[in-house]
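Input: a single structure, listed below in structure tokens.
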Amino acid sequence: MAMLCAPFRDEEVQGLQSLTDPAELLREIFRVLDLMKMDMLNFTIQSLRPYLQECYVQYEQEKFQKILDKLPNSLDNTTEWLRRAAAAVSASSLQSPSCPAASSSSDARFQGAVSSSSTVPSVMSVLNRGYMDLLCWEPGQSEYPETLLLDQARLQEVQAQVNQLTIIAAVLLVTSGVCGNTLFGSPGFIDRLKLVTKVLLEGLSSIRYEEALQDISDQVLQEVSRTLSQLGYPAFASEKCTSLKGQIKSIADKGNAVRHIIGEFLSLCLTQH
């Protein structure tokens, strides 16, 4: 094993020599052997990568087409997903006050620009819109695209992160509007609000945001009161406290204006990057 393993496995192989219990020794030997097998597999893939890259696109296209010929209805959900995205892009371009012609392929890619003389959206704008729709996917809404089933869990993790980031930003924006620059200029105040909000949202699905925002509003108000006291300012009146809590709790509504604006901003950032 010492002769065959990669150099960075030498320490683990040497560690086997110090084991005296036969059962533990065998268990560790098999564990290290599994790691060595993965090292060899990764090395083989890395060595073959330049040759595979020359023909893998054509190979995958041919295999994909063979499957599609045998099962012509196997991509119905994907087709419907792309149709909805194309319709949404076309509708948004028609609603725009002005729609300049795309001056370059990069403009069409990142801005989803549509020629003023045509209502046919670009391929990249449709894909961008489709992936943005997946970040708003709800269980039971419709069937997931077949071509993305293997990536569904990963995309749902991204969706949860985007939702969490949207709520955190909305809470900060609402609190800033009520409290003003004095509190937000206090060292560490913003970081404490972000930490409290993130902890209370951790692991929750979007359907449980309403109860989480109730707790978040209480914690934010406590942090605001504590910071006001530390800075020597008088506490907020009860009406202002009630207003702050109400505005934070209203973020749970998907039609909330602040949440909507931040969601649109994040979608734009994700589309362009």
Side-chain angles (χ1 to χ4, degrees), residues 88 92 128-142 144 152-273:
S92 63
N128 285 339
R129 179 55 185 255
Y131 280 112
M132 289 301 101
D133 289 344
L134 291 180
L135 296 183
C136 303
W137 207 270
E138 296 182 0
Q141 177 181 1
S142 56
Y144 217 77
Q152 183 174 2
R154 187 161 59 91
L155 287 169
Q156 287 175 337
E157 289 180 7
V158 176
Q159 179 184 0
Q161 293 173 3
V162 171
N163 288 338
Q164 186 183 91
L165 185 58
T166 301
I167 298 298
I168 292 174
V171 169
L172 291 176
L173 192 58
V174 166
T175 308
S176 173
V178 174
C179 299
N181 295 329
T182 302
L183 283 185
F184 268 69
S186 176
F189 180 72
I190 296 177
D191 291 336
R192 291 194 295 272
L193 289 187
K194 287 193 292 187
L195 179 61
V196 165
T197 306
K198 184 176 181 180
V199 168
L200 292 174
L201 290 174
E202 202 70 44
L204 294 181
S205 63
S206 58
I207 60 176
R208 297 184 59 191
Y209 281 166
E210 185 173 358
E211 58 186 83
L213 283 165
Q214 171 67 49
D215 296 332
I216 289 170
S217 66
D218 293 335
Q219 293 296 323
V220 168
L221 192 57
Q222 289 182 19
E223 188 60 45
V224 168
S225 300
R226 185 183 305 115
T227 305
L228 284 172
S229 177
Q230 291 174 351
L231 295 176
Y233 291 105
F236 284 164
S238 59
E239 295 82 2
K240 197 169 186 178
C241 294
T242 303
S243 174
L244 176 58
K245 292 183 66 173
Q247 290 185 54
I248 291 176
K249 287 188 288 186
S250 69
I251 296 172
D253 183 6
K254 292 183 178 180
N256 179 270
V258 176
R259 180 175 175 177
H260 175 73
I261 291 173
I262 293 174
E264 290 293 321
F265 174 75
L266 289 177
S267 296
L268 180 61
C269 292
L270 288 170
T271 301
Q272 292 182 341
H273 293 85

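Side-chain atoms of Ser250 come within 3.5 Å of backbone N or O of Gln247 as a donor-acceptor pair.
Only one option out of Ile251, Thr197, Val199, Leu221 pairs with Ile216 in a side-chain contact (heavy atoms from CB on, under 4.5 Å); it is Thr197.
Nearest heavy atoms, Ala212 versus Leu200: CB-O, 4.0 Å. The two residues Asp253 and Arg259 make their nearest non-hydrogen contact at O-CD, 3.9 Å. Here the closest heavy-atom approach between residue Leu172 and residue Phe184 is recorded as O-CZ, 3.3 Å. Nearest heavy atoms, Leu231 versus Ser186: CD1-CB, 4.2 Å. For the residue pair Lys198 and Ile168, the shortest heavy atom distance occurs at CB-CD1, 3.9 Å. Of all heavy-atom pairs spanning Val224 and Cys179, the tightest one is CG2-SG, 3.8 Å.
Residue Tyr209 holds its OH atom at 8.0 Å from OG1 of Thr166, rounded to the nearest 0.5 Å. If you take CG on Leu266 and CE on Met132, they are separated by 9.5 Å, rounding to the nearest 0.5 Å. Atom CD of Gln230 and atom CZ of Phe189 lie 10.0 Å apart (nearest 0.5 Å). With values rounded to the nearest 0.5 angstrom, Gln219 atom CD is found 11.0 Å from Ile248 atom CD1. Between atom CD1 of residue Ile261 and atom CG of residue Leu173 there is a gap of 8.0 Å, rounded to the nearest 0.5 Å. Ser217 OG to Gln222 CD: the interatomic distance, rounded to the nearest 0.5 Å, is 10.0 Å.
Leu268 has its side chain out of reach of Glu264: every pair of non-hydrogen atoms, C-beta onward, lies at least 4.5 Å apart. Side-chain contact between Tyr233 and Thr227 is absent, with no heavy-atom pair separated by less than 4.5 Å. Taking the side chain as every heavy atom from C-beta outward, Asn163 and Leu201 never approach each other to under 4.5 Å. Using a 4.5 Å heavy-atom threshold, the side chains of Leu155 and Trp137 count as separate. By the 4.5 Å heavy-atom criterion applied to side chains, Asp218 and Gln214 are counted as neighbours.
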Are Glu223 and Arg226 close enough, and set up right, to give a salt bridge (charged side-chain N to carboxylate O under 4.0 Å, His left out), and what steps lead you there? CA-CA 5 Å; Glu223 188 60 45; Arg226 185 183 305 115; 2.5 Å; yes
Apply side-chain contact (heavy atoms from CB on, under 4.5 Å) to residues Val178 and Lys240 and explain how you reach the verdict. CA-CA 8 Å; Val178 174; Lys240 197 169 186 178; 3.8 Å; yes
Given Leu183 and Thr175, is the side-chain contact (heavy atoms from CB on, under 4.5 Å) satisfied, shown in steps? CA-CA 10 Å; Leu183 283 185; Thr175 308; over 6 Å; no
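More than 12 heavy-atom neighbours from other residues, nucleotides or ligands sit within 6.0 angstrom of CG on Asp191. Annotation for Phe236: atom CZ counts as buried by contact number, over 12 foreign heavy atoms lying within 6.0 Å.
Between the side chains of Glu239 and Ser243, no donor-acceptor pair of N or O atoms lies under 3.5 Å.
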